[in-house]
Amino acid sequence: KAPAEPGDPVLTVEGLVVADDRGQRAVDAVTFDVRAGEILAVAGVQGNGQTELVEALTGLRPFRGKALLLGRPLPASARGVRDLGASHVPEDRLARGLVLDFSVKENAVLGDQHRPPFRGFLGFLDDRAAEAHARTLVEAYDVRPRSTALSARRFSGGNQQKIVVGRELLRGPRLLVAAQPTRGVDVGAIEFIHKELVKARDQGLAVLLVSADLSEILALSDRILVMHGGRIVGELTPEEATEERLGLLMAGV
């Protein structure tokens with residue numbers, strides 16, 4: 001990929017504190033920003049606060065501290081965060097990314113069904129607009145088979161993930177929070193998704209990438225933060241980062 005040309009901060013986080021399901025501090029006073037036109041990667045061994053960080057920034061978990069998206073405080077709901085200009089590729093596409101018994105057409109508008117052009121008369125789904133959008137998605141993101149009527153569970157893991165990534169990028173966000181975006185998908189889908197993330201970055205999107213895959217971190221990042229024990233323990237450029245150095249930081253060394 002070409003070098004990044006980052007612009008102004010899109011997401012600003014200061015002193016963020018997030019508790020886990022047991023009420024213990026999972027994210028401990030984290031501070032960073034994500035700028036337009038860059039991929040900021042968060043590396044770490046799973047279970048060091050990355051999940052709670054993502055959930056806080058996408059309206060799925062309460063937090064303390066300061067988090068601004070385009071200069072405005074993050075709302076306390078997933079819908080509010082989306083309406084403010086953020087998209088989210090969740091780490092578990094089956095639990096949070098898709099409704100498996102919904103068709104591709106229905107999944108393609110999931111999360112934006114309440115907004116034009118998908119919200120039709122009396123609040124019902126505008127079927128024509130949803131179908132046109134789903135057609136665009138399956139073509140642009142090489143979803144196979146090219147059906148918008150099949151349920152999401154009928155597709156392979158790689159094609160399911162393309163549906164999620166395509167939906168989140170096609171809505172034209174200013175910030176994309178991508179958590180483990182290629183977990184459990186085939187090599188071809190990994191390459192395709194990586195290219196789409198870099199293309200979106202080149203078009204000015206701010207990308208926060210959270211991944212436990214070191215090769216993915218090194219391939220995509222413009223800056224790298226390392227989390228351990230809920231804290232940021234290092235910040236590196238891709239030129240400074242090696243698998244050994246990242247691995248030591250991820251282990252808390």
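Atom set for the values below is all heavy atoms of this structure, side chains included, hydrogens, waters and symmetry mates excluded.
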* Can you tell if the side chain of Tyr141 reaches within under 4.5 Å of the side chain of Leu170, non-hydrogen atoms only? -> yes
* Asked: Which pair of non-hydrogen atoms, one from Val17 and one from Ala29, has the smallest distance, and what is that distance?
  -> CG2-N, 3.7 Å
* **Verdict with reasoning, Leu68 to Leu11, per side-chain contact (heavy atoms from CB on, under 4.5 Å)** => CA-CA 6 Å; Leu68 302 177; Leu11 174 70; over 6 Å; no
* If you take all heavy atoms of Ser221 and Pro238, which pair is closest and at what distance? -> O-CG, 3.1 Å
* Among Asp28, Val30, Leu53, which one satisfies side-chain contact (heavy atoms from CB on, under 4.5 Å) with Ile232? -> Val30
* **Contact check, side chains of Val13 and Thr31, non-hydrogen atoms, under 4.5 Å** => no
* So do His133 and Glu131 actually touch side chain to side chain, heavy atoms under 4.5 Å? -> no
* Asked: Is there a side-chain contact between Ile224 and Ile217 (heavy atoms, below 4.5 Å)?
  -> yes
* Structure fact -> Rounded to the nearest 0.5 angstrom, the CG-CG distance for Leu69 and Leu57 is 9.5 Å
* Inter-residue atom distance Leu249.CG - Glu244.CD, 0.5 Å rounding -> 11.0 Å
* To do: Report yes or no: do Ile39 and Leu208 belong to one cluster of Ile/Leu/Val/Met/Phe/Trp/Tyr joined by side chain heavy-atom distances under 4.5 Å?
  => no
* Asked: In terms of hydrophobic clustering (I, L, V, M, F, W, Y; side-chain heavy atoms under 4.5 Å; direct or indirect links), are Val99 and Val165 co-clustered?
  -> no
* To the nearest 0.5 Å, how far apart are CD in Gln50 and CG in Leu225? -> 11.5 Å
* Asked: Within a strict 4.5 Å, meaning less than it, do heavy atoms of the Ser211 and Thr182 side chains meet?
  -> no
* Asked: Just how far is it from atom CZ of Arg61 to atom OG1 of Thr58, taken to the nearest 0.5 Å?
  -> 10.0 Å
* Can any side-chain N or O of Glu196 pair as donor or acceptor with the backbone N or O of His194 at less than 3.5 Å? -> no
* To do: Side-chain contact test, heavy atoms from C-beta onward, threshold under 4.5 Å: evaluate it for Pro173 versus Leu205 and give yes or no.
  => yes
* To do: Would you mind checking if Asp202 and Lys1 are paired as a salt bridge, meaning a charged N to carboxylate O distance below 4.0 Å?
  => no
* Asked: With no hydrogens and no angle check, is any side-chain donor or acceptor of Gln203 less than 3.5 Å from a backbone partner on Ala200?
  -> no
* To do: Inspect the surroundings of CD in Glu5 and state if more than 12 heavy atoms from other residues, nucleotides or ligands are less than 6.0 Å away.
  => no
* Please indicate whether Phe32 has more than 12 foreign heavy atoms, meaning atoms of other residues, nucleotides or ligands, lying under 6.0 Å from its CZ. => yes
* To do: Can you see which heavy atom on Ala152 is nearest to which on Leu98, and at what distance?
  => CB-CD1, 4.3 Å
* Asked: Are any side-chain N or O atoms of Asn159 and backbone N or O atoms of Ser156, one a donor and one an acceptor, separated by less than 3.5 Å?
  -> no
* Are side-chain heavy atoms of Arg115 and Arg79 found at a separation under 4.5 Å? -> no
* Grab the two heavy atoms, one from Ala149 and one from Ser103, that are nearest each other, plus how far apart they are. => O-CB, 3.6 Å
* Asked: Do Arg223 and Glu38 sit within salt-bridge range, that is, some charged N less than 4.0 Å from a carboxylate O?
  -> yes
* Around atom CZ of Arg231, are there more than 12 heavy atoms of other residues, nucleotides or ligands at under 6.0 Å? -> no
* Separation between CG of Leu248 and NE2 of His228, rounded to the nearest 0.5 Å -> 11.5 Å
* **Arg146, CZ: over 12 other non-hydrogen atoms inside 6.0 angstrom** => yes
* Are Leu110 and Phe118 joined in one hydrophobic group, where the rule is that I, L, V, M, F, W and Y side chains link up if heavy atoms are under 4.5 Å apart? -> no
* Find out if a path of hydrophobic residues (ILVMFWY) with successive side-chain heavy-atom gaps under 4.5 Å connects Leu175 to Val207. => no
* Asked: Would you call Asp222 and Arg201 a salt bridge, using N to O less than 4.0 angstrom?
  -> yes
* Asked: Hey, does Lys162 have a side-chain heavy atom less than 4.5 Å from the side chain of Leu137?
  -> no
* Asked: Any link between Val185 and Leu197 through a network of hydrophobic side chains (Ile, Leu, Val, Met, Phe, Trp, Tyr) touching at under 4.5 Å?
  -> no
* From the options Asp213, Leu209, Val164, Val210, select the one residue that forms a side-chain contact (heavy atoms from CB on, under 4.5 Å) with Pro181. => Leu209
* **Closest contact, heavy atoms only, Asn48 versus Gly229** => OD1-N, 2.7 Å
* Could you please spell out the steps behind the side-chain contact (heavy atoms from CB on, under 4.5 Å) verdict for Gln160 and Leu94? => CA-CA 9 Å; Gln160 288 176 343; Leu94 302 182; 3.5 Å; yes
* Glu168 with Arg82: basic N within carboxylate O range, under 4.0 Å -> yes
* For Arg96 and Leu60, what are the C-alpha separation, side-chain angles and deciding distance, and is it a side-chain contact (heavy atoms from CB on, under 4.5 Å)? -> CA-CA 11 Å; Arg96 282 189 168 161; Leu60 297 170; 3.8 Å; yes
* Neighbour count above 12 (heavy atom, 6.0 Å) for Asp92 CG -> yes
* Asked: Counting only heavy atoms not in Arg171, do more than 12 sit closer than 6.0 Å to its CZ atom?
  -> yes
* Roughly how far, to the nearest 0.5 Å, is the CG atom of Leu150 from the CG atom of Asn107? -> 12.0 Å
* To do: Identify the heavy atoms of Pro62 and Val18 that sit nearest to each other, and give their distance.
  => O-CG1, 3.8 Å
* To do: Applying side-chain contact (heavy atoms from CB on, under 4.5 Å), run through Val198 and Leu220 and close with a yes or a no.
  => CA-CA 7 Å; Val198 172; Leu220 294 180; 3.7 Å; yes
* Asked: Any chance the side chains of Gln46 and Gln180 put a donor and an acceptor closer than 3.5 Å?
  -> yes
* Ignoring hydrogens and angles, tell me if any N or O in the side chain of Thr51 forms a donor-acceptor pair with the backbone of Gly47 under 3.5 Å. => no
